[in-house]
Amino acid sequence: MMKKIKNRIVIIIVISILLSLLSGCTYFYPSNGRYHDSTPSLIQQKEIELNLWTVKKGDIFEAYEVGADGDSHCIYVNDPKKTTIVKADIEPSIIKKTYVKENDYVEEGEILIEYIYEMDKDTEFKYNISKRRAELRYENAYMQYLQGKISKEILDSYNAAYVSAKNMQDEFYALEEKYVLRAPCSGYIAKIVGDIMSTDLKQNISFHICEMEDGLILLYAPEANEIAAYPFLIFTDGLRAKLYDNEAEKDYDASVKMSNMTFNKEYSEYLNDFYGSGVLYMVLEIEGDNLPDNIGFNKTFTASLIKREAHDILLVAKYAVDVSKSIDSNGSLEYYVYKMTSDETLERVQIKVGAVFDNYYEVKEGLLEGDMVLIK
C-alpha cells in the first residue's frame, strides 16, 4: 500500500516538473511585435512588360538628309538671273530711315531707304552765283540784240552759257533726291545687303527685288566636308527627293531639278550671288511646281535625297530579328523573331527576308501583317 502511494507521489512530482519546464520555455519566444518585425515580408513578383512591335505593310525609303545639321543647307533663295539689284548712286552715307525689310512686297516707285544728306553750302553758293551771272549776261545780250548791236549767233552763245549754269545748279539740287532710293520695279525684297539697323555707319545698302515664284529651292554644302558633300556628287537631274517644311510640319514630293554639275553650267558667273566657290549646289523642284504654304525668301527646309525606296511591302524592325549562321555548309544567314501567339506566349519563328534597309527588313515569309513580335 505504501509503495503505491510513493509511486503516485513520484508521478505527480514528475508531471509538475514537466509542466513547469514547458511553461518556462515561453520566455524564449519573442513577443508578437518582435516576431512580426523579424519576419521578412513577401516580395510580390512584378509583371514583365514586353516591348512589342506590330508587323505592318508600308512604303519606305532611304535617303541622304540635307539641312538637318549645320554642315549642309536647304533654303529658298532668289534667282539672280531674274533679280533686280538696286542701290543709291551716292557715296556711303548714314541711314536716315529704312522703309522695307526682307520679304516685303513693294510697288514700283516706293521708297526703300533714305540717307542723311548734308548739302555743301559753299558749293550751293557757287552754283547760285554762276547761274545768276549767266542769267544777267543773257538778259543784257538780249537787249543789245533787239537794238541790233549783236548778232543772233552771239545771243545764242549767251543763252547756252545760261542753260549750262542752270543745269549745273539743277544737278546739284537733284543730288539730294539720290539720297532717297525708290524701287525701280514691283516685287518682293529677296535680300538686303548691308546693316540696315546701323545709325552711325556710312554705307550704301543693296536691295534685291524678285518675284516670289522666281525663287530656287537651293541645297548647298562645303566641298571640303566629304560627308556633307557626298550626295551632291552622286545625285543627277531627275532623281526623287522629299522636301520637309519644319515650321508647318508638312512634306512635299520633289525631284532634283539641277544637279551640282548642271548648276555650275547654268550659274557659273553667279556663284558670288549665292555662297561663293568651294561650295557644291543642287536645286530641287516640287512636283506640280506649287510653292509651299507661307513661302518666303531665306526660308529653310530639310531635304531628303532618296537613294532607295520600296512601296507596299511587309516590314519588321531590325531590333526584333535575331540573325545567325546556318548549320549548313554554305553558312547562309538565318533570321528569327519571337512572335506573340494567341495564348500570349512567345514563339520563336524563322522568317525569310527580302530587301534590307537601315532599320527594317522586308518580310517575305514567316509573318503576317498585324503580327506582334518582341523588340529586344
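Only a predicted model underlies this, so the values are computations on that prediction, with no experimental measurement involved. Atom set for the values below is all heavy atoms of this structure, side chains included, hydrogens, waters and symmetry mates excluded.
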Inset, instruction - Evaluate the ring planes of Y360 and W53, with Trp represented by its six-membered ring, and classify them as parallel (under 30°), tilted (30 to 60°) or perpendicular (over 60°). - result: tilted

Inset, instruction - Say whether, by atom type as modelled, one donor and one acceptor occur between the side chain of Q350 and the main chain of G366 under 3.5 angstrom. - result: no

Inset, instruction - Assess whether atom CG of D59 is packed by more than 12 heavy atoms of other residues, nucleotides or ligands within 6.0 Å. - result: yes

Inset, instruction - Anything under 30° is parallel, anything over 60° is perpendicular, the rest tilted; go ahead and classify Y105 against Y188. - result: perpendicular

Inset, instruction - Taking only Lys NZ, Arg NE, NH1 and NH2, and the carboxylate oxygens of Asp or Glu, determine whether K257 and D237 approach each other closer than 4.0 Å. - result: no

Inset, instruction - Inspect the contact between D322 and K376 and indicate whether a charged nitrogen and a carboxylate oxygen are less than 4.0 angstrom apart. - result: yes

Inset, instruction - Would you please indicate if the ring centroids of F274 and Y267 are separated by under 6.0 Å? - result: yes

Legend entry - Residues R240 and E287 bridged, charged N to O under 4.0 Å: yes

Inset, instruction - Decide yes or no for Y142 and L155: does some side-chain heavy atom of the first lie under 4.5 Å from some side-chain heavy atom of the second? - result: yes

Inset, instruction - Using a strict 4.0 Å threshold on nitrogen-to-oxygen distance, state whether K81 and E266 make a salt bridge. - result: yes

Legend entry - Aromatic Y361 / basic K318 pairing, under 6.0 angstrom, 45° off normal: yes

Legend entry - Any L52 side-chain heavy atom under 4.5 Å of L374 side chain: yes

Legend entry - Y244 ring center near F301 ring center (under 6.0 Å): no

Legend entry - Side chains of Y99 and D104 in contact at under 4.5 Å (non-hydrogen atoms): no

Inset, instruction - Before accepting this row, confirm whether a basic side-chain N of the pair K57/E369 lies closer than 4.0 Å to the acidic partner's carboxylate O. - result: no

Inset, instruction - Compute both the distance and the angle, then confirm whether R137 meets the cation-pi test with Y158: under 6.0 Å from the six-membered ring centre, within 45 degrees of the axis. - result: no

Inset, instruction - Flag the pair D122 and K126 as a salt bridge only when some basic side-chain nitrogen lies within less than 4.0 angstrom of an acidic carboxylate oxygen. - result: no

Legend entry - Residue I227 excluded, over 12 heavy atoms near CD1 under 6.0 Å: no

Legend entry - From V283, L284, N264, residue fulfilling side-chain contact (heavy atoms from CB on, under 4.5 Å) relative to M258: V283

Legend entry - N/O donor-acceptor pair under 3.5 Å between T341 side chain and K339 backbone: no

